[in-house]
2 protein chains.
Amino acid sequence: MTEKQQNILNAALKLFATEGVTSTSTSKIAKSAGVSEGLIFRHFTNKEGLLQAILENGREKSDEYFNSVMKVKDPKERLLMALHLPFVIPSDEYDFWRLIYTLKWQRGPMEHEGMDLFRNSLRQAFEELNYANPTAEAQLIEAIIDGVTTEVLLKDIYPKPLLDCILEKYKLK
Amino acid sequence: MTEKQQNILNAALKLFATEGVTSTSTSKIAKSAGVSEGLIFRHFTNKEGLLQAILENGREKSDEYFNSVMKVKDPKERLLMALHLPFVIPSDEYDFWRLIYTLKWQRGPMEHEGMDLFRNSLRQAFEELNYANPTAEAQLIEAIIDGVTTEVLLKDIYPKPLLDCILEKYKLK
DNA sequence: TACTTTTGTAAGTGATTACTCACTATAATG
DNA sequence: CATTATAGTGAGTAATCACTTACAAAAGTA
């Protein structure tokens with residue numbers, strides 16, 4: 001991976017996240033990355049290929065988050081870990097997650113293998129805790145993580161009081 | 001409002017919601033609405049004007065939802081009403097709400113007057129119920145409505161078990 | 001009926017789009 | 001050193017973009 005190749009990826013991620021994929025032209029990316037427009041196509045075939053490269057690049061990060069939750073054995077601890085997720089995203093990853101959340105509405109939610117394992121591990125935690133409807137509970141906690149992450153990415157909030165409210169609902173405090 | 005004018009609004013809403021605003025060309029809208037492309041500009045000045053017309057058109061709907069919650073006096077009943085919101089959206093409004101949720105990431109969340117009143121009425125309900133941090137609680141319930149609405153709009157879920165889980169967390173059952 | 005306003009169209013406009021091509025500079029390899 | 005593969009450029013391409021303009025049909029109004 002050359003330096004210019006990295007510049008392209010960085011510039012494209014920032015532009016895709018802030019202005020949207022279709023509103024970002026390849027010429028704008030090239031200008032922002034300080035390379036010729038042709039180089040984008042040499043390295044990434046086309047605009048879609050560039051987007052996919054960004055997505056693959058970030059998938060490793062997201063898998064780490066999911067794994068850090070799944071490896072926790074104690075069910076209560078695992079839920080605690082899951083509910084912390086929105087608050088442990090480092091701000092230099094915000095652009096990537098904004099991109100993910102934007103793409104959801106045009107291309108559907110990301111549904112790779114790791115995501116399924118994550119969902120199952122949550123459901124299993126609720127089963128072990130004898131919740132009445134573990135599947136629905138897993139769906140809800142996913143929705144909460146989703147909604148809270150949206151708040152974190154779009155507004156600037158005070159994490160602590162919000163997290164306290166969440167944990168109280170699940171009696172994890 | 002002519003029939004063709006309505007056709008344009010309907011076609012544009014559907015295309016904007018499913019493919020995104022910037023990926024939808026005015027010629028595509030015209031073709032889908034069965035009118036000449038020029039008519040779009042006669043009636044709505046430009047593409048942005050068309051989007052604004054759609055948004056104003058839908059604001060009445062959203063205000064009705066918020067008002068139906070705010071007019072409830074009893075705080076528990078009001079929270080109950082608010083948490084029902086994601087499940088009372090009729091499916092013929094899905095396109096509009098998908099559009100709203102998409103735009104959030106490019107143009108920021110919609111922040112009109114009615115939204116502020118809604119937020120305050122939720123905070124006040126938590127105050128009356130003597131919650132420790134009403135502001136954070138209002139933020140959380142907003143995030144939950146947001147996340148659950150996302151699930152409703154993007155996946156097909158069973159509303160009842162999910163709603164049950166939510167109400168149990170707030171001891172509203 | 002005569003006149004004005006509104007609604008609608010078809011054929012344009014220049015600018016921008018994603019992408020290609022011919023070519024050069026650099027680096028790796030035998 | 002000679003050869004070959006890779007990295008990089010800049011000037012193209014046709015297609016599409018949002019939008020305009022000139023003009024006709026329709027509808028309202030006196």
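In this text the structure is predicted, and so the values were computed from the model without any measurement. Chain letters run A, B, ... following the sequence lines, proteins first, then strands; residues in each count from 1.
Rounded to an integer number of Å, the gap from CZ of F44(B) to C1' of dA18(D) is 16 Å. For the pair F41(A) CZ and dA11(D) C1', the interatomic distance rounds to 15 Å; values are reported in whole Å. Note: CG (L15(B)) to P (dC17(D)) measures 12 Å, nearest angstrom. Atom C1' of nucleotide dT7(C) and atom CG of N7(B) are separated by 14 Å, given to the nearest angstrom. Distance NZ (K31(A)) to P (dT9(D)): 14 Å, rounded to an integer number of Å. The distance between atom CD1 of I40(A) and atom P of dA11(D), rounded to the nearest whole Å, is 17 Å. If you take CG of N46(B) and P of dT20(D), they are 8 Å apart, rounded to a whole angstrom. When the P atom of dT17(C) is taken as reference, atom CD1 of I29(A) falls 11 Å away, rounded to whole Å.
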Practice problem: Would you give a per-nucleotide map of nucleotides 21-26 of chain C, 5' to 3', where B means the base has a protein non-hydrogen atom under 4.0 Å away, S means only the sugar-phosphate does, and - means neither? | Solution: ------
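Distances shown here put a side-chain N or O of K4(B) below 4.0 Å from the OP1 or OP2 atom of dT9(C). For dT6(C), the OP1/OP2 oxygens have no side-chain nitrogen or oxygen of T2(B) closer than 4.0 Å.
Taking the side chain of S25(A) as heavy atoms from C-beta on, and the options dG8(C), dT17(C), dC17(D), the nearest nucleotide is dT17(C). Nearest nucleotide to the side chain of V35(B), out of dC19(D), dT9(C), dG8(D): dT9(C). Checking dA18(C), dG8(D), dA18(D) against the side-chain heavy atoms of T26(A) singles out dA18(C) as nearest. When distances run from any side-chain atom of H43(B) to the nucleotides dG8(C), dG8(D), dC19(D), the shortest one goes to dG8(C). When each of dC19(D), dT17(C), dG8(D) is scored by its nearest atom to the side-chain atoms of L39(A), the top-ranked nucleotide is dG8(D).
Using a 30° and 60° split on the angle between ring planes, H112(A) and F66(A) fall in the tilted class, from 30° to 60°.
Within the nucleic acid shown, E37(B) comes within 4.0 Å of at least one base atom, counting heavy atoms only. Looking at heavy-atom distances under 4.0 Å, T24(A) makes contact with sugar-phosphate atoms alone, never a base.
By the neighbour-count criterion of 12 heavy atoms within 6.0 Å, atom OH of Y158(A) is sparsely surrounded, having that number or fewer from other residues, nucleotides or ligands. Counting non-hydrogen atoms of other residues, nucleotides and ligands closer than 6.0 Å to CD of E113(A) gives a total of 12 or fewer.
Side-chain atoms of E56(B) and Q52(B) form no donor-acceptor pair, as typed in the model, at a separation below 3.5 Å.
Taking the side chain as every heavy atom from C-beta outward, Y170(B) and L80(B) never approach each other to under 4.5 Å. Side-chain contact between K155(B) and Q139(A) is absent, with no heavy atoms from C-beta onward closer than 4.5 Å.
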Practice problem: List the steps, then state whether side-chain contact (heavy atoms from CB on, under 4.5 Å) holds for Y101(A) with D146(A). | Solution: CA-CA 9 Å; Y101(A) 274 73; D146(A) 200 273; 3.6 Å; yes
